[in-house]
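A short write-up of the structure that comes next.
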Amino acid sequence: METPGLADGDEIRARFSRRMSDMYRREVPQYGALLDLVADVNAAALRREPALRERLARAGELERLGVERHGAIRLGSARELATMRRVFAVMGMRPVGYYDLSVAGVPVHATAFRPVEDASLARNPFRVFTSLLRLDLIEDAGLRMIATDILERRRIFTPRLLDLVERAEGQGALAGAEADELVAEALQTFRWHSAATVDKATYARLHDAHRLVADVVCFKGPHINHLTPRTLDIDAVQAAMPVRGIAAKTVIEGPPARKVALLLRQTSFKALEERIAFVGEDARAPGTHTARFGEIEQRGVALTRKGRARYDTLLANVRHGSPGSPDRDYAGRLAGAFKDFPDDLTALRREGLAFFRYARTSRGSRDAAAAGLSLEAQIERGLVRADPIVYEDFLPVSAAGIFQSNLGGAGPRSYAGNAAQAAFEHALGAPVLDEIALYEAAQARSLEALHAKVSQ
Ligand code: OOG
Ligand code: NI
């Protein structure tokens, strides 16, 4: 059991992510092997780069290096999504961003539940990429009815969890023991069930419609399908995975390797084939299901709308709009495409491509003349510091790549790409926050604080 006393959202999230990690390691031993590899690679990076170690130590990030950054689930109905929003709210997580995966042949749309305050992100950064199945994209009307019916009847939250969520909503926090209980009850929603809730034939029909449809519809709950620790050297982990017998996806998603890390780079090991049991007469003829995998991520600076538009265009040129597996020379072509994208912090800042947090240095606070200088002049003279703001969200093309690599070689389906943010928000019962607006606000707040100090 954890510490007694009152537990706020940040504390509950920290406990939840720790317990989830323990559970997932027990459920998917290969994930433990990935964590070991990441720990080794991170340790080597810290030995190799003392400056990096120092920077992380100063930021208080060294001891949290091994803490998972995110996980993902896939939900089946509006009711499930709306309730999940309440559960995550108790853990200090808000829905940020809208991701349309239909353009990439995956019949879901999604948001990321995450902490939004700097202090909360620093305390525990855990977030959950949460998809909602788009039943409207199942073509066969009969099958769509079957799926809808199954999903309307299932209950993925324990009654006790719902009680505790209501209590927390009323009080804004929970007593320590109640928080532990809430975490334990919430974990029930995320655990794996090797027993399917349907017979073999129904599973097969849903699976034929799309593998993800079977994954969402045929089980008692929305099992956590991966967890993702942070690595300091994603290229090293990617190279070492096969050496340790871990089947890595072909390429690293996101921007190329650079001096100044941009946005988010991710890679994963392929979903494992697991034995499942069907209901009815098929109970003695087990089948297999692939859904669960492990992933790693490396985060860089958040890009402004201008920077992001440039990133999206460059990436699209390299991928030629194809969400399928990129070819062998992909990394080379990707690096080539980004050759003209500035790769130093000053240029990224001056060209308005990335977000920064500004703060007066101790010299700056002593220098009365600073007030009369432009921001650039103050930065040049070391009176003001500009620190890059880390990107805390996801990338739709990357997410599609992660989904695809876990569809076991089944090629992408084509859906007429149609974002449906309004429908998603209706199901969620709330609007999603605009991720770029959050970075804009953080940068603006830091500038305001700077000016406020100067005018004092
Ligand atoms: C989610 C895949 C997307 C990411 O990190 O981009 C994702 C899923 O497979 O359910 O987790
Ligand atoms: Ni992920």
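Basis for what follows: all heavy atoms, side chains included, without hydrogens, waters or symmetry-related copies. Counting starts at 1 for both ligands and their atoms, in listed order. Positions are given from 1 along the sequence.
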(message) Checking side-chain polar atoms at under 3.5 Å, does R25 have a donor or acceptor matched by the opposite partner on S21?
(response) yes
(message) Taking 4.0 Å as the limit for heavy-atom contacts, which would you say applies to A399 with ligand 1: side chain only, backbone only, both, or neither?
(response) both
(message) Ignoring hydrogens and geometry beyond distance, is a side-chain donor-acceptor pair present between E295 and T228 at under 3.5 Å?
(response) yes
(message) I need the minimum non-hydrogen distance between H70 and E297, along with the two atoms involved.
(response) ND1-OE1, 2.7 Å
(message) Show the atoms of ligand 1 that are less than 4.0 angstrom away from any heavy atom in F394.
(response) 4 (C), 5 (O), 6 (O)
(request) Answer yes or no for E253: is there a heavy-atom contact with ligand 1 below 4.0 Å? (result) no
(request) Using a strict cut-off of 4.0 Å, indicate which atoms of ligand 1 neighbour a heavy atom of H226. (result) 1 (C), 7 (C), 11 (O)
(message) Salt bridge or not between R114 and D393? Use side-chain N to carboxylate O under 4.0 Å.
(response) yes
(message) Using a 4.0 Å cutoff against the non-hydrogen atoms of H70, which atoms of ligand 1 qualify?
(response) 5 (O), 11 (O)
(request) Evaluate the side-chain proximity of S102 to R134: yes if any heavy-atom separation is below 4.5 Å, no if none is. (result) yes
(request) Please determine if S398 has a nitrogen or oxygen closer than 3.5 Å to a nitrogen or oxygen of ligand 1. (result) no
(request) Under the side-chain hydrogen bond (donor to acceptor under 3.5 Å, both in side chains) rule, collect the residues that match up with E440, sequence neighbours excluded. (result) R305
(request) Specify which N/O/S atom of E295 comes nearest to the Ni ion (ligand 2), by atom name. (result) OE1
(request) Would you check if the side chain of R292 reaches a backbone N or O of E274 as a donor-acceptor pair within less than 3.5 Å? (result) no
(request) Could you see which bit of N225 sits under 4.0 Å from ligand 1, with heavy atoms only: side chain, backbone, both or neither? (result) side chain
(request) Identify, by atom number and element, the atoms of ligand 1 in contact range of F129, meaning under 4.0 Å from any of its heavy atoms. (result) 1 (C), 3 (C)
(message) Considering non-hydrogen atoms of the protein only, which is the closest contact for atom 9 (O) of ligand 1, and what is the distance?
(response) R74 NH2, 2.7 Å
(request) Look at atom 4 (C) of ligand 1 and say which protein heavy atom is nearest, naming residue and atom and giving the distance to 0.1 Å. (result) Q266 NE2, 3.2 Å
(request) Mark up the atoms of ligand 1 that fall under 4.0 Å of a heavy atom belonging to E295, in ascending order. (result) 4 (C), 5 (O)
(message) When you measure from the side chain of Q238 to the backbone of K249, do you find a donor-acceptor pair of N or O atoms at a distance under 3.5 Å?
(response) yes
